[in-house]
Every structure is written in structure tokens, then in C-alpha cells.
J.: 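Input: one structure, supplied below.
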Amino acid sequence: MSAPAQIPSLPASRRRTAAHAGAGTRLHWWALALPALAFGLLLLLLAGSGEAHAAAPDASGLLQVSRQLLRAVG
């Protein structure tokens with residue numbers, strides 16, 4: 001026969017601080033800069049692919065991509 005296991009609980013003061021410990025966490029600068037940089041590079045990559053096939057001669061690649069994005073969003 002085994003004895004009942006007793007799980008120690010935190011005191012009330014430590015429970016409150018543990019629950020609110022993540023509230024003051026700040027992001028590093030690169031946590032916002034890297035996704036923005038990746039998005040910009042991918043957008044430039046798409047804009048530069050105008051020479052690949054059947055591109056309209058009057059509009060630039062970046063203009064075409066921005067129009068497509070606006071159509072998709074709006």
C-alpha cells in the first residue's frame with residue numbers, strides 16, 4: 001500500500017508574482033526588425049521577377065505586386 005503523495009503549493013505571495021511575471025516582458029529590437037526585413041526582401045524578390053515571363057511593359061514589378069496586394073486585401 002502506498003502513501004498518498006502531497007504536492008507542495010506555493011504561498012499566496014509567490015503565486016501572485018509568478019502569475020504576473022511575464023506582464024513586463026519587452027521584445028528585443030530584432031524580434032520586430034527581422035520579420036520586417038524578411039518581408040521587404042521577399043517583396044523585392046517578387047518585384048524583380050518581372051523579367052522572368054510575360055510582364056506588362058508599362059508597370060514596374062513593385063507596382064504590380066502592390067496592386068496585387070491591394071486587390072487581395074481589399
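If you're wondering where the values come from, they're calculated on a predicted model, not measured in any experiment. All heavy atoms count here, side chains included; hydrogens, waters and symmetry mates do not.
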J.: Please find the pair of heavy atoms, one from L27 and one from A31, that lie closest to each other, and give the distance.
T.: CD2-CB, 4.1 Å

J.: Output the rest of the hydrophobic cluster of L41: all Ile, Leu, Val, Met, Phe, Trp and Tyr residues reachable through side-chain heavy-atom contacts under 4.5 Å, sorted by chain and number.
T.: L37

J.: To which residues is L34 joined in a hydrophobic cluster, defined by side-chain heavy-atom contacts under 4.5 Å among Ile, Leu, Val, Met, Phe, Trp and Tyr, whether direct or through other members?
T.: W29, W30

J.: So do the side chains of L46 and L62 get within less than 4.5 Å of each other, counting heavy atoms only?
T.: no

J.: Kindly write out the residues that satisfy side chain to side chain contact (heavy atoms under 4.5 Å, CB included) with R71, not counting sequence neighbours, or none if the list is empty.
T.: R67, Q68

